[in-house]
Novice: 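Supplied in structure tokens, the structure appears directly below.
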Amino acid sequence: MARSVSSGGRRRPAVVASQPNRTFRMPVDLDALAARLGDGVDVFLLGRDVENEFNAITGRPVYDGAIAVWTGGRRRYWTARDADIETIAQWLGAAKPTEAKPQKPGDDIHDSDTSAPATVRKDDVSIDRGDDDGAAGLPDSSDWFADERERWDFDIRFAWARRVPASAKGEHPLPAEWRYSPGFAIPRNAPYAQAIEAMADALDGMDASSGKRRLHRVRSKKGGASGWRQGEAGRPIFRSVIAGGHNPWMLHYTRLDDGTISFVDVQRHDDIREER
């Protein structure tokens with residue numbers, strides 16, 4: 001992700017937020033920001049463990065609550081004090097949400113014209129509501145851990161324990177450990193629970209036999225004659241479907257020499273160009 005935003009090869013705008021040094025409170029509500037920007041923008045929370053590496057690659061330090069945005073070769077940076085949802089949305093050219101017209105006393109309200117507040121689509125933000133189609137029914141663990149990797153580990157184990165029947169756990173166990181490649185993140189507008197479920201399927205081997213996942217290796221370029229895209233230690237990268245539809249969300253991972261799975265990234269199918 002860092003290389004894609006710095007090289008200009010990324011097709012979709014990317015918003016990258018860093019964590020404040022002295023508090024767990026983010027200066028901007030990232031779920032609200034993702035909902036405001038809509039489905040065309042990816043919002044990432046930068047983990048402290050990859051902050052230095054990310055900044056070294058992009059050449060623009062993002063730290064202590066600051067937010068950086070890359071789009072179409074342009075870049076903009078806000079400190080924690082200056083960051084504001086509307087300011088970021090306006091710079092990206094996001095249309096203002098339609099305001100509901102006030103209802104006059106006595107007016108009839110019909111299903112077709114009710115002015116209810118807009119709702120956030122399930123795949124716009126990473127809060128799990130437990131009712132996504134095919135989702136793992138996760139608890140909302142968004143504020144349980146200071147380290148995102150600890151949250152992912154917990155949610156993967158929860159999804160596996162809840163989804164795999166007791167009689168099948170011996171046949172499809174979770175491995176003792178797995179890894180996250182440098183820069184791995186689940187975008188804030190990706191379907192979080194479904195991404196976690198896809199990761200659990202990769203770890204217990206269920207994705208290999210799942211028609212929904214459509215597991216396959218990723219080629220370096222379009223066309224059957226190109227070579228395989230490689231990740232850590234020159235190992236091939238695999239891709240599985242997180243959620244279907246137009247330009248579906250995909251999980252990319254690789255297997256290291258000792259068989260350990262290392263998760264590479266979560267992104268949309270058409271955004272793979274020049275990512276690695």
Novice: Does the side chain of Val15 reach to within under 4.5 Å of the side chain of Leu37, using non-hydrogen atoms?
Specialist: yes
Novice: Suppose we screen for side-chain hydrogen bond (donor to acceptor under 3.5 Å, both in side chains). Which residues come up paired with Asp143, at least two apart in sequence or across chains?
Specialist: none
Novice: Among all residues two or more places apart in sequence or in another chain, which pass the side-chain hydrogen bond (donor to acceptor under 3.5 Å, both in side chains) test with Ser141?
Specialist: Arg151, Asp155
Novice: How many angstroms lie between CG in Leu30 and OG in Ser142, if you round to the nearest 0.5 Å?
Specialist: 11.0 Å
Novice: Suppose the criterion is salt bridge (Lys or Arg N to Asp or Glu O under 4.0 Å): which pairs have a residue in residues 242-252, not counting sequence neighbours?
Specialist: none
Novice: Among all residues two or more places apart in sequence or in another chain, which pass the side-chain contact (heavy atoms from CB on, under 4.5 Å) test with Arg76?
Specialist: Trp78, Trp91
Novice: For Phe145, give me all partners under ring-ring contact (aromatic ring centres under 6.0 Å, His included), at least two apart in sequence or on another chain.
Specialist: Phe154
Novice: Tell me if a side-chain donor or acceptor on Lys169 pairs with a main-chain N or O of Val164 at a distance below 3.5 Å.
Specialist: yes
Novice: Check each of Tyr192, Phe184, Phe263 against Trp152 using the ring pair (Phe, Tyr, Trp, His ring centres under 6.0 Å) test, and report the only one that passes.
Specialist: Phe184
Novice: Salt bridge (Lys or Arg N to Asp or Glu O under 4.0 Å) with Arg149: which residues, sequence neighbours excluded?
Specialist: Asp49, Asp147
Novice: Rounded to the nearest 0.5 Å, what separates atom CD1 in Ile242 from atom CE in Met250?
Specialist: 8.0 Å
Novice: Distance from Ile85 atom CD1 to Gln90 atom CD, nearest 0.5 Å?
Specialist: 12.0 Å
Novice: Is there a donor-acceptor contact under 3.5 Å linking the side chains of Asp207 and Tyr253?
Specialist: yes
Novice: With heavy-atom distances below 4.5 Å as the criterion, would you say the side chains of Leu92 and Thr71 are in contact?
Specialist: yes
Novice: CD of Glu86 to CG of Leu33: how many Å apart, nearest 0.5 Å?
Specialist: 9.5 Å
Novice: Identify, with sequence neighbours excluded, every residue that meets ring-ring contact (aromatic ring centres under 6.0 Å, His included) alongside Trp160.
Specialist: none
Novice: Are Leu215 and Val241 grouped together when hydrophobic residues (ILVMFWY) are joined by side-chain heavy atoms under 4.5 angstrom apart?
Specialist: no
Novice: For Glu197, is there an ion pair with Arg162 - N to carboxylate O distance below 4.0 angstrom?
Specialist: no
Novice: When clusters are formed by joining ILVMFWY residues with side-chain heavy atoms under 4.5 Å apart, either directly or through shared neighbours, do Val41 and Leu45 land in the same one?
Specialist: yes
Novice: I'd like to know if the side chain of Asp265 pairs up with that of His252 as donor and acceptor (distance under 3.5 Å, no hydrogens or angles considered).
Specialist: yes
Novice: Compare every heavy atom of Ala190 with every heavy atom of Val266, then report the nearest pair and how far apart it is.
Specialist: CG1-CB, 4.3 Å
Novice: Which residues pass the side-chain contact (heavy atoms from CB on, under 4.5 Å) test with Pro173, sequence neighbours left out?
Specialist: none
Novice: Taking side-chain contact (heavy atoms from CB on, under 4.5 Å) as the test, write out the residues that go with Ser181, two or more places apart.
Specialist: Glu232, Ser262, Val264
Novice: With a 4.5 Å cut-off on side-chain heavy atoms, are Arg188 and Asp31 touching?
Specialist: yes
Novice: Which residues satisfy the salt bridge (Lys or Arg N to Asp or Glu O under 4.0 Å) test with Asp201, sequence neighbours excluded?
Specialist: Arg163, Arg213
Novice: Any non-hydrogen side-chain atom of Ile261 less than 4.5 Å from a side-chain atom of Thr254?
Specialist: no
Novice: Using the test side-chain hydrogen bond (donor to acceptor under 3.5 Å, both in side chains), find all partners of Ser240 that sit at least two apart in sequence or belong to another chain.
Specialist: none
Novice: Measure the spacing between OG1 of Thr260 and CD of Glu177 and express it to the nearest 0.5 Å.
Specialist: 5.0 Å
Novice: Please identify each residue that fulfils side-chain hydrogen bond (donor to acceptor under 3.5 Å, both in side chains) with Asp84, with sequence neighbours left out.
Specialist: Thr87
Novice: When you compare the side chain of Tyr77 with that of Thr79, does any pair of heavy atoms fall below 4.5 Å?
Specialist: yes
Novice: About how many Å separate CE of Met199 and CG of Leu251, when rounded to the nearest 0.5 Å?
Specialist: 6.5 Å
